[in-house]
Amino acid sequence: MIQVSIMEVLELMDSLISSIFYSKETLLVNYTGNLYAIGSFSKYNGTTKYGVLRILSDGTLDPAWNASQVGTNGFTYGILEEVNSVNGLPTGNIILGGRFQTYNGATVPDSLIRIDSTGAWDASFNNGGDGAWGMSGGYVGLSNELTMDGGYSGKILYGGFFQSYNGVYNSENVFRLNSDGTYDSSFNSAGSGLDDGSTYPRGRKIISEIGTDGAPTGKYLLSGRFRKYNGSAISTENFVRLLSNGTLDSSFNSCCTGTNGEVADIIYHRDASGNYTGKHWIIGNFSVLNGTKSTVGLVIVDNAGNIDTNFNTGGVGSGSTTLTPRINKVIRERLPSGDYTGKYLVFGNFTHYNGDDVPDGAIRLNADGSWDNTFNSDQVGATLKDLNAIEELGVDDKPTGKLFLMGSFTAYNGQDVPDYFARINNDGSWDSTFNSSGSGFSGSIGAIHVAKMDRDTATGLPNGKILVGGQIDKYNGGSVGKHIARLNSDGSLDSSFNTGTGFSGLNDDVYAITLEYGSNNLPTGNYFIAGDLSPSYNSTACPNNIAKLANDGSLITSFNTSGTGTDGFTYDILQIRNTSGDYTDSLFVVGNLSSYNSTSVPSGVIKINKNGVIDTGFNSGKSGIKVNSTLIATKIEQVVTSSGVKDQFNVYGNFPLFNDSVRPSVFSMDSNAQMNEFYFGNGE
């Protein structure tokens, strides 16, 4: 069984660790491959469904599950697949926890029920019971209890935010249920449960502990937000171990102080072969564990509750004394052979990592997450920070080992460098041979701006030229067409590209440059430009926020002829490939748009052809992404795996919904807007 929070995916992409702790939308993929979604939603693809639903493999609603019924009358925060105590196999039933009093219109025990394989309420579970009271805070953690022999007891461990169950005021915020849903009074029978000295204590997760031999120990690991257990203050705040009877195991982490913030989840740790190690991932809103700084929100602890010193020892991740820390780009480092080194290059807005003063905005990490201080050793990095980077590719389409650095900087390692755009060597030092003696650009090439290598139309391989977009109108002191320029391989200006005035708006900005590919899978020499762009280029009218340029930088007026373009900024353009790997004539455009050529469209993501004509059948009749000035889609990528190109597209940004379905800032769809299970792929 796999249980994964939607926001955990976001954490992996954007390091937005804090977002996970307050997410209540969760997916459960059960043993049979069924995909359940729970949360605080009321519709899915326009169909009314409250709190819980089942999704088919293509992302559409399963119409046979809980057919014609609406679900809970409140939020659903916890879900568990029930297993048989005899053989450990799934029974087909699902346990739901949350904040509700009815299911499909029928009055049910408060906040905790069992439903069968069809989605119907199973009234035999906790028959006649009142259920849990005090669930206003949600956060339900449910687990099947393991026995010492590795089987299942049939009992259910329950952590949450409540004061009583079936009218019994006992063991607040954590208890154990019998297999029929009744309260197990033998668990912590004389205890009062969790408290933290405030009105909002809660248990977030309780699981059976697994030992170093891979077998259950008979004890439980409990996390949440609390400072007391059974009325007594505890040293290990927010994370404790309980004995089999539910009382506190005072030997666990007895030396130490717990975390300085809430622990939201506990996950079994396994080695590369999938074997249990006896260790556990601890995830939450904290930066200190046992009085020691830890990687913000994520550490590994051993079976004594101590930090695993082999994992980013004492690490706190990126930070800054003067800036809002942000990571803009993580690149898996590659050798010129194309092989990965196992290390990671990290670029962004930071001055410290794991408490160390590091080169500003650009560092390399080892595979275990520790800082590799051999990269740009003893140097200060970039001034004004906010860095982004791309690999330089050679004529064989393999990395040269060098990187192009973009951002708001005018110096690097204490030396004056070409402003806003420079090249660094594979050891992190500045490459002074690129744009030698040049002053660089007149404006910023920031985090979401894109520079891509130009490609030869005969071979499709990089020709050494570089396309750059941003808030620019000068390069090395000379005027260039506003907001876009092309450089030669040595960093000098390619004067054959766009000798006109460029985009007319003084504050225009280019967010993406996408090369067009023809039916032969080779570049045509044309480019699609996305951004915050005025409807004029070289004094010729063009669509708002999206344009198509020829190889010499001139406007292709046959693109979206007489069309007005989008009503909001466009942040990315992707030419779609089929599953054979061939480029098609269709493109995805994402942004904070809600109309195209003055006609309303599903917001955020549209499909057009290479001539700028919109595909009106794409996502027709749906709402798309909820967008405004702060809720936007910023990136779209096609999934590529070791087996080839997939009809699957991951969309990233800052938004809560797609087609009225809860999709916090990331979702995956096919070329017809049907939802997919999210998958990263291995990139290109």
Answer whether the closest heavy-atom distance between the side chains of [X] and [Y] falls below 4.5 Å.
X      : Y      : answer
Phe588 : Ile576 : yes
Asp572 : Tyr511 : no
Lys482 : Asp508 : no
Leu493 : Leu487 : yes
Tyr36  : Leu53  : no
Ile614 : Lys607 : no
Leu461 : Asp456 : no
Ile484 : Phe497 : yes

Verify whether one side chain among [X] and [Y] offers a donor that lies under 3.5 Å from an acceptor in the other.
X      : Y      : result
Thr566 : Asn545 : yes
Thr540 : Asn538 : no
Asp509 : Gln471 : yes
Asp532 : Tyr571 : no
Thr599 : Asn597 : no
Asn551 : Tyr527 : yes

Would the distance check show the side chain of [X] and the main-chain N or O of [Y] forming a donor-acceptor pair, the cut-off being under 3.5 Å?
X      : Y      : result
Asp494 : Arg486 : no
Asp567 : Ser595 : yes
Asn488 : Asp490 : no
Ser603 : Ser594 : no
Thr524 : Asn526 : yes
Ser536 : Ala541 : no
Gln638 : Asp647 : no
Arg455 : Pro523 : no
Asp670 : Ala673 : yes
Asn425 : Gly428 : no

Euclidean distance, [Y] [atom2] relative to [X] [atom1], rounded to 0.5 Å:
X      : Y      : atom1 : atom2 : answer
Phe434 : Ser489 : CZ    : OG    : 8.5 Å
Asn659 : Ile625 : CG    : CD1   : 9.0 Å
Leu403 : Asn426 : CG    : CG    : 8.5 Å
Leu555 : Asn498 : CG    : CG    : 10.0 Å
Met406 : Ile390 : CE    : CD1   : 5.0 Å
Ser671 : Asn578 : OG    : CG    : 9.5 Å

Check this for me, if you would: do [X] and [Y] make a salt bridge, where the nitrogen-to-carboxylate-oxygen distance has to be below 4.0 angstrom?
X      : Y      : value
Arg577 : Asp582 : no
Asp431 : Arg423 : yes
Lys548 : Glu516 : yes
Lys610 : Asp585 : yes

Are more than 12 heavy atoms from other residues, nucleotides or ligands located less than 6.0 Å from atom CZ of Phe618?
-> yes
Applying side chain to side chain contact (heavy atoms under 4.5 Å, CB included), run through Tyr517 and Leu522 and close with a yes or a no.
-> CA-CA 5 Å; Tyr517 285 79; Leu522 293 175; 5.6 Å; no
Criterion side-chain hydrogen bond (donor to acceptor under 3.5 Å, both in side chains) against Tyr596, the qualifying member of Asn560, Thr564, Asn544 |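 Only match with Tyr596 under side-chain hydrogen bond (donor to acceptor under 3.5 Å, both in side chains): Asn560.
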Assign the ring pair His483 / Phe503 to parallel, tilted or perpendicular, where the plane angle (0 to 90°) is split at 30° and 60°.
-> tilted
Verdict with reasoning, Ile636 to Ile573, per side chain to side chain contact (heavy atoms under 4.5 Å, CB included) | CA-CA 7 Å; Ile636 184 169; Ile573 301 177; over 6 Å; no
Could you walk me through whether Phe375 and Leu345 pass the side chain to side chain contact (heavy atoms under 4.5 Å, CB included) check?
-> CA-CA 9 Å; Phe375 180 82; Leu345 299 164; 3.8 Å; yes
Intermediate values then yes/no, ring pair (Phe, Tyr, Trp, His ring centres under 6.0 Å), Tyr475 and Phe421 | CA-CA 10 Å; Tyr475 185 70; Phe421 192 75; 7.8 Å; no
Steps toward side chain to side chain contact (heavy atoms under 4.5 Å, CB included) verdict (Ile94, Ile79) = CA-CA 7 Å; Ile94 297 292; Ile79 184 169; 3.5 Å; yes
Step through it carefully: locate the ring centre of Phe441, locate the ring centre of Tyr420, and say whether they are under 6.0 Å apart.
-> no
Considering non-hydrogen atoms only, spot the tightest contact between Asp339 and Ser337 and give its length.
->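 Nearest heavy atoms, Asp339 then Ser337: OD2-OG, 3.2 Å.
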